[in-house]
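Right, one structure below, let's go through it.
This structure is a prediction, so every number in the text was calculated from the model and none was measured.
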Amino acid sequence: MKLLEPFGAEFDLKSGVMQSAKHLIQRHLSDMRGMYADVAAENALLEANNPMIYEVYTSEVPEEAGQVLYCTTVIHPGRVGDEYFMTKGHFHSLRDRGEIYLGLSGEGYLLLQTEEGEPRAVAMHPGTAAYVPPYWAHRTVNVGKEPFVFFAAWPGDSGHDYGTIEKMGFPQILVSRGDKPALVKNPRFVSGAD
Ligand code: S6P
Ligand code: ZN
């Protein structure tokens with residue numbers, strides 16, 4: 001067995017920038033078509049400037065059982081219509097793999113759901129360790145005016161299932177009501193149990 005060398009990776013606690021990042025993933029609105037509730041607002045933004053919604057700095061750890069993967073995610077501030085910018089969201093391919101998030105800067109929410117569409121929401125601030133238990137799909141949302149930045153760590157063999165969320169959406173969405181975040185029913189949600 002070949003041992004992996006221990007190492008320290010530097011990253012900026014406010015911006016989330018990881019110096020040694022293996023990849024920088026940048027997701028624009030066009031990468032998540034159909035995920036926001038307001039179709040007209042989505043189309044208008046796509047035509048106007050197709051904004052960058054979020055960025056992920058990924059580690060160089062191999063995606064194997066026994067390893068612990070980590071990354072930082074930066075969700076930019078903004079909205080599609082009333083709905084705040086968010087990540088695509090996913091289940092882990094191996095459903096019994098959990099995850100831990102640590103809020104670094106900005107204000108956000110972790111939205112979760114079970115396979116049956118049971119929803120939960122956890123507010124995240126700098127210093128919040130938000131726990132994603134096994135079997136819960138997860139998506140993060142920036143409800144503030146600054147970038148929302150968090151660190152994540154999860155088992156190396158988890159994998160990502162985006163397809164199920166592309167079909168279902170999440171039962172709840174976060175929208176701006178009087179400049180404050182409000183959790184409301186997602187009109188486009190398709191229950192997995194149906
Ligand atoms: C990975 C973990 C996060 C997300 C990242 C982007 O298991 O949950 O690192 O990958 O926040 O979100 P998404 O839904 O596009 O992967
Ligand atoms: Zn995950």
same_hphob_cluster([X], [Y]) at 4.5 Å side-chain heavy-atom cutoff:
X      : Y      : value
Leu111 : Val175 : no
Leu110 : Tyr131 : no
Met52  : Val80  : no
Ile173 : Val141 : no
Val122 : Phe91  : yes

Which value, rounded to the nearest 0.5 Å, describes the distance between [X] atom [atom1] and [Y] atom [atom2]?
X      : Y      : atom1 : atom2 : answer
Ile75  : Thr140 : CD1   : OG1   : 3.5 Å
Ile53  : Leu29  : CD1   : CG    : 5.0 Å
His125 : Ser105 : NE2   : OG    : 13.5 Å
Cys71  : Phe150 : SG    : CZ    : 6.5 Å
Thr73  : Phe148 : OG1   : CZ    : 8.5 Å
Met32  : Arg27  : CE    : CZ    : 9.0 Å

### side-chain contact (heavy atoms from CB on, under 4.5 Å) partners of Asp38, counting only residues at least two apart
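By the side-chain contact (heavy atoms from CB on, under 4.5 Å) rule, Asp38 matches Ala40, Ala41.
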#### Entry: Residue list, side-chain contact (heavy atoms from CB on, under 4.5 Å) with Val39, at least two apart or on another chain
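In terms of side-chain contact (heavy atoms from CB on, under 4.5 Å), with neighbours along the sequence ignored, Val39 is linked to Asn43, Arg188.
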Can you see which heavy atom on [X] is nearest to which on [Y], and at what distance?
X      : Y      : result
Pro119 : Pro171 : CB-CG, 3.8 Å
Ala9   : Ser20  : CB-OG, 3.6 Å
Met124 : Tyr101 : CE-CB, 3.8 Å
Phe85  : Pro51  : CZ-CG, 4.1 Å
Met35  : Glu42  : N-OE1, 3.9 Å
Pro126 : Glu107 : CD-OE2, 3.8 Å

### Side-chain touch Pro134/Leu94, heavy atoms, less than 4.5 angstrom
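Result no, sub-4.5 Å side-chain heavy-atom pair not found.
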### Task
Give the C-alpha distance, both sets of side-chain angles, the deciding distance and a yes or no for salt bridge (Lys or Arg N to Asp or Glu O under 4.0 Å) between Glu118 and Arg120.
CA-CA 7 Å; Glu118 177 73 22; Arg120 293 286 186 280; 2.9 Å; yes
### Message
Per the side-chain hydrogen bond (donor to acceptor under 3.5 Å, both in side chains) rule, what does the pair list look like for residues 173-184, sequence neighbours excluded?
### Response
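Residue pairs passing side-chain hydrogen bond (donor to acceptor under 3.5 Å, both in side chains), neighbours aside: Arg79-Ser176, Asp82-Arg177, Lys145-Asp179.
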### Residue pairs passing the side-chain hydrogen bond (donor to acceptor under 3.5 Å, both in side chains) test where at least one lies in residues 166-175, sequence neighbours excluded
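Applying side-chain hydrogen bond (donor to acceptor under 3.5 Å, both in side chains) to every pair that reaches into residues 166-175, excluding sequence neighbours, yields nothing.
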### Query
By the rule that ILVMFWY residues connect when side-chain heavy atoms come within less than 4.5 angstrom, directly or transitively, which residues belong alongside Leu69?
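For the cluster that includes Leu69, the remaining residues are Phe7, Phe11, Leu13, Val17, Met18, Leu24, Tyr57, Val61, Tyr70, Val74, Leu102, Leu104, Val149, Phe151, Trp154.
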### Query
Taking only residues two or more places apart in sequence, or in another chain, which ones meet Asp31 in a salt bridge (charged side-chain N to carboxylate O under 4.0 Å, His left out)?
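Result, salt bridge (charged side-chain N to carboxylate O under 4.0 Å, His left out) vs Asp31: none returned.
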[X] atom [atom1], over 12 foreign heavy atoms within 6.0 Å:
X     : atom1 : result
Gln26 : CD    : yes
Tyr84 : OH    : yes
Glu63 : CD    : no

If we ignore hydrogens and angles and just use 3.5 Å, is the side chain of [X] paired with the main-chain N or O of [Y] as donor and acceptor?
X      : Y      : value
Thr58  : His23  : yes
Arg95  : Tyr135 : no
Gln113 : Gly169 : yes
Glu83  : Ala37  : yes
Thr114 : Trp136 : no

#### Entry: Trace of the side-chain contact (heavy atoms from CB on, under 4.5 Å) decision for Met86 with Tyr109
CA-CA 9 Å; Met86 63 190 182; Tyr109 268 85; over 6 Å; no
#### Entry: side-chain contact (heavy atoms from CB on, under 4.5 Å) evaluation trace for Val132 with His92
CA-CA 11 Å; Val132 179; His92 290 155; 5.5 Å; no
### Message
Please evaluate residues Arg139 and Ile165 with respect to the criterion side-chain contact (heavy atoms from CB on, under 4.5 Å), reporting the C-alpha separation (whole Å), side-chain torsions for both, the decisive distance (0.1 Å), and the verdict.
### Response
CA-CA 10 Å; Arg139 157 180 286 168; Ile165 294 303; 4.0 Å; yes
### Query
Between the side chains of His90 and His138, is a donor N or O closer than 3.5 angstrom to an acceptor N or O?
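Yes, His138 and His90 have a side-chain donor paired with an acceptor closer than 3.5 Å.
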